[in-house]
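Please read the structure below before turning to the comments.
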Amino acid sequence: MREALKEAQKAYEKGEIPVGAIVVSNNQIISRAYNQTELLSDVTAHAEMLAITAASNHLGGKYLIDCSLYVTLEPCVMCAGALTWSQIGRVIYAAKDKKKGYSAVADLKLHPKTEVTQGPFSEESEKLLLDFFRKLRN
């Protein structure tokens with residue numbers, strides 16, 4: 001999760017909502033990404049989506065069954081859908097997104113075999129997000 005937080009910091013520094021993600025396979029990071037919706041003028045350029053695409057390209061296939069996604073904020077419905085289709089093995093997210101997180105928006109579950117964990121580094125992730133939005137308002 002520390003590596004995902006580094007990605008979130010990159011987003012913060014570029015004026016993007018500070019969310020970072022990494023995908024791990026066989027104890028190695030195979031992709032890393034941060035939100036780039038402003039940079040790419042693309043509402044789908046969430047950290048998770050970019051990390052899924054990069055991981056799939058790295059592995060040469062669309063399924064991420066033996067992979068884990070570490071992300072600093074609970075995925076939205078769009079990202080949860082992509083994670084479901086990728087059949088990712090594990091999703092570990094830091095901060096809960098009470099307004100737009102997939103579990104708050106819909107009674108949506110990820111792929112039945114996907115293990116989901118919430119909590120590690122949630123305080124650090126929440127602080128980065130709060131700092132970003134405070135700075136944005138001022």
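No experiment lies behind these values; they were computed from the predicted model shown. Start at 1 with the first residue, then count along the sequence.
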Minimal non-hydrogen separation, [X] against [Y], with atom names:
X	Y	value
Lys96	Gln118	N-NE2, 3.8 Å
Ser25	Cys67	CB-SG, 3.8 Å
Tyr12	Leu128	CD1-CD1, 3.9 Å
Pro18	Thr72	O-OG1, 3.9 Å
Ser68	Ile88	C-CD1, 4.2 Å
Val19	Glu48	CG1-OE1, 4.3 Å

Do Thr44 and Asp42 have side-chain N/O donor and acceptor atoms under 3.5 Å apart? yes
Between Thr114 and Gln87: side-chain donor-acceptor atoms closer than 3.5 Å: no
Calculate, to the nearest 0.5 Å, the distance between atoms [atom1] and [atom2] belonging to [X] and [Y] respectively.
X	Y	atom1	atom2	answer
Gln28	Ile30	CD	CD1	9.5 Å
Ile92	Phe121	CD1	CZ	12.5 Å
Ser122	Leu73	OG	CG	11.0 Å

What I want to find out is whether Lys10 reaches Glu7 closely enough, with some N-O distance under 4.0 Å, to be called a salt bridge.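 Yes, charged N to carboxylate O under 4.0 Å.
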Asp131 with Lys127: basic N within carboxylate O range, under 4.0 Å: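 Salt bridge between Asp131 and Lys127, a charged N being under 4.0 Å from a carboxylate O: yes.
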Do [X] and [Y] belong to the same hydrophobic cluster, where Ile, Leu, Val, Met, Phe, Trp and Tyr are linked whenever their side-chain heavy atoms lie under 4.5 Å apart, directly or via other members?
X	Y	result
Leu64	Ile22	no
Phe132	Tyr93	yes
Leu129	Leu136	yes
Ile17	Val77	yes

How far apart are the C-alpha atoms of Leu110 and Val91, what are their side-chain angles, what is the distance that settles it, and do they pass the side chain to side chain contact (heavy atoms under 4.5 Å, CB included) test? CA-CA 9 Å; Leu110 298 182; Val91 173; 3.7 Å; yes
Contact check, side chains of Lys62 and Ser86, non-hydrogen atoms, under 4.5 Å: no
Would you indicate whether the side-chain heavy atoms of Ile52 and Leu83 approach each other to under 4.5 Å? yes
How about Glu13: does its CD atom have over 12 heavy atoms from other parts shown lying under 6.0 Å from it?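 Atom CD in Glu13 is crowded, with more than 12 foreign heavy atoms closer than 6.0 Å.
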More than 12 heavy atoms of other residues, nucleotides or ligands under 6.0 Å from CD of Glu123: yes or no?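 No, the 6.0 Å shell around CD holds no more than 12 heavy atoms from other groups.
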Closer than 3.5 angstrom, by distance alone: can the side chain of Asp97 be matched with the main-chain N or O of Lys99 as a donor-acceptor pair?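 Yes, the answer is positive, given that a donor and an acceptor are paired below the 3.5 Å cut-off.
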For the pair Tyr70 and Arg90, evaluate side chain to side chain contact (heavy atoms under 4.5 Å, CB included) and give the outcome as yes or no after the intermediate values. CA-CA 8 Å; Tyr70 292 80; Arg90 290 180 66 207; 3.9 Å; yes
Can you tell me which residue among Ile29, Leu69, Leu59 is in a side-chain contact (heavy atoms from CB on, under 4.5 Å) with Val23?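 Filter result, single survivor: Leu69.
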Full working for side chain to side chain contact (heavy atoms under 4.5 Å, CB included) between Leu5 and Ser125: CA-CA 7 Å; Leu5 281 166; Ser125 181; 4.2 Å; yes
Report the C-alpha separation of Leu50 and Tyr34 in whole Å, then their side-chain angles, then the decisive distance to 0.1 Å, and conclude whether the side chain to side chain contact (heavy atoms under 4.5 Å, CB included) test is met. CA-CA 8 Å; Leu50 298 171; Tyr34 57 87; over 6 Å; no
